[in-house]
There are 2 protein chains.
Amino acid sequence: MEEQIVDVLKKSQLSVTDSRRKILELFLQADSAMAHHDIETKAGEKFDRVTVYRTLQAFLEKGIIHTIPTPDNSVKYALCKDNCEQGHHHDDHVHFICKICGITTCLDDVHVPEIKLPRGYKTQQTEVVVSGICKECS
Amino acid sequence: MEEQIVDVLKKSQLSVTDSRRKILELFLQADSAMAHHDIETKAGEKFDRVTVYRTLQAFLEKGIIHTIPTPDNSVKYALCKDNCEQGHHHDDHVHFICKICGITTCLDDVHVPEIKLPRGYKTQQTEVVVSGICKECS
DNA sequence: CTGCATTTTGCAACATTGTTGCAAAATGCA
DNA sequence: TGCATTTTGCAACAATGTTGCAAAATGCAG
């Protein structure tokens, strides 16, 4: 794990610091998306709020994580699985939010469909977020 | 217009007040979704920030407007076109965000596709937000 | 039209979330 | 190990959202 963490950071040309190590570890351990607040809490009192913001910002820019828009507009972050280049997240999977347990997950195997738009519109990115009841809760 | 405004409010069992009138008017005039901040600004200095929050809350509950999740997680609100019952918004259209002009619109004619989820997951609502370049900007 | 119960508003105060500048500390490279 | 560069933590601030409560507005009955 530690090895993997350092590896990811180096590949992204980020220097290896305690906060980045810790926050990346949280993402690797998590099986669902996390809100900023979750991350702050889970990281313990070790890190300043500002550091968490800046670390997430750096991870976003490097394509290590991506954000998930939610209907209640709370920001969630999740690890990018692969082929996410610098600053260019290629999100082709559907996100799921359970209305019971509240957990947000990436359904990596469910791809976003192509949406046919009216004449004149150009698609650059499509976000699909499904809300409902997850495997565990049903 | 004024007639329509009063009509909508009465149908939703909301008493007709200045702030509700004004804010509903903004929605009826707007051809795109508005952020809370837009509404506050456009309503002028006439209304308290808190009143705007509470008015939007009331409109949401009554199904007069709906929220649109955006990738940058800024909350946007737009009028519901029809068949939105009390507290039960039935959102079956796709939302579009232009990366150039920043405008968020409801593509009422573009319906959200059905997403087939893995065994065990139950869909209650599907949100589709497409980002790209709009008719006007391309 | 008037009076009155009820709802809504505005204010104040507060909590949360996010941003910026800068000195001190940590990183990584020679 | 030393040093240039990056990152962190702190402080201060801005923006966003929430709550309680008294004053004002609404709408309904008479």
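Residue numbers begin at 1 in each chain, while the letters A, B, ... track the order of the sequences. Note that the coordinates shown come from a computational prediction; the quantities given were computed from them, not determined experimentally.
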Using a heavy-atom cut-off of under 4.0 Å over every strand shown, decide if A:R54 touches base, sugar-phosphate, or nothing. base
Among D:dG9, C:dT17, C:dT9, the nucleotide that comes nearest once only the side chain of B:T55 is considered: C:dT9
Just checking B:H36 against B:Y53, ring centres under 6.0 Å apart? yes
With sugar-phosphate meaning primed atoms plus P, OP1 and OP2, does A:R49 contact a base, only sugar-phosphate, or nothing at under 4.0 Å between heavy atoms? base
Each nucleotide N or O in nucleotides 27-30 of chain C that has a protein N or O under 3.5 Å away: list the pair and distance.
| from | atom 1 | to | atom 2 | distance (Å) |
| --- | --- | --- | --- | --- |
| C:dG28 | OP1 | A:V16 | N | 2.5 |

Figure out the NE2/P separation between A:H37 and C:dG18, and round it to whole Å. 11 Å
Considering all heavy atoms of both residues, which atom of B:T105 and which atom of B:D31 are nearest to each other, and what is their separation? CG2-O, 3.8 Å
Upstream residue (5' side of DNA chain D) when A:T51 and B:V75 are each assigned their closest nucleotide: A:T51
Given 3.5 Å as the limit, does a donor-acceptor pair link the side chain of B:S138 with the main chain of A:G120, or not? yes
Rounded to whole angstroms, how far apart are OH on A:Y53 and C1' on D:dG9? 15 Å
On DNA chain D, check which nucleotide each of A:K46 and B:V50 is closest to and give me the residue with the more 5' one. A:K46
Atom-to-atom span, CD of A:Q13 to C1' of D:dT6 - whole angstrom: 14 Å
Nearest-Å distance, CG (B:L56) to C1' (D:dG17)? 12 Å
From CD of A:E45 across to C1' of D:dC10 the rounded distance in Å is 16 Å
Is DNA chain C part of any stem, that is, at least 3 consecutive Watson-Crick or G-U pairs with both distances under 3.5 Å, and where? C:1-30 with D:1-30
Here the distance between atom C1' of D:dT16 and atom CG of B:D38, to the nearest Å, is 14 Å
Given D:dG17, C:dG10, D:dG9, which nucleotide is nearest the side-chain atoms of A:D48? D:dG9
Would you kindly give the CD1-to-P distance between A:I23 and D:dT8, to the nearest whole Å? 8 Å
Going by atom types only, do A:S19 and A:R54 share a side-chain donor-acceptor pair under 3.5 Å? no
Taking B:H66 for its side chain and B:A78 for its backbone only, find out whether a donor-acceptor pair lies under 3.5 Å. yes
So do the side chains of A:I68 and A:Y77 get within less than 4.5 Å of each other, counting heavy atoms only? no
Do the side chains of B:K22 and B:D18 get close enough for a salt bridge, i.e. N-O under 4.0 angstrom? no
Report yes or no: does B:T51 contribute a side-chain atom to a donor-acceptor pair with the main-chain N or O of B:F47 at less than 3.5 Å? no
Tell me: CG of A:D72 to P of C:dT17, nearest whole Å? 12 Å
From CD1 (B:I115) to OG1 (B:T126), nearest 0.5 Å: 6.0 Å
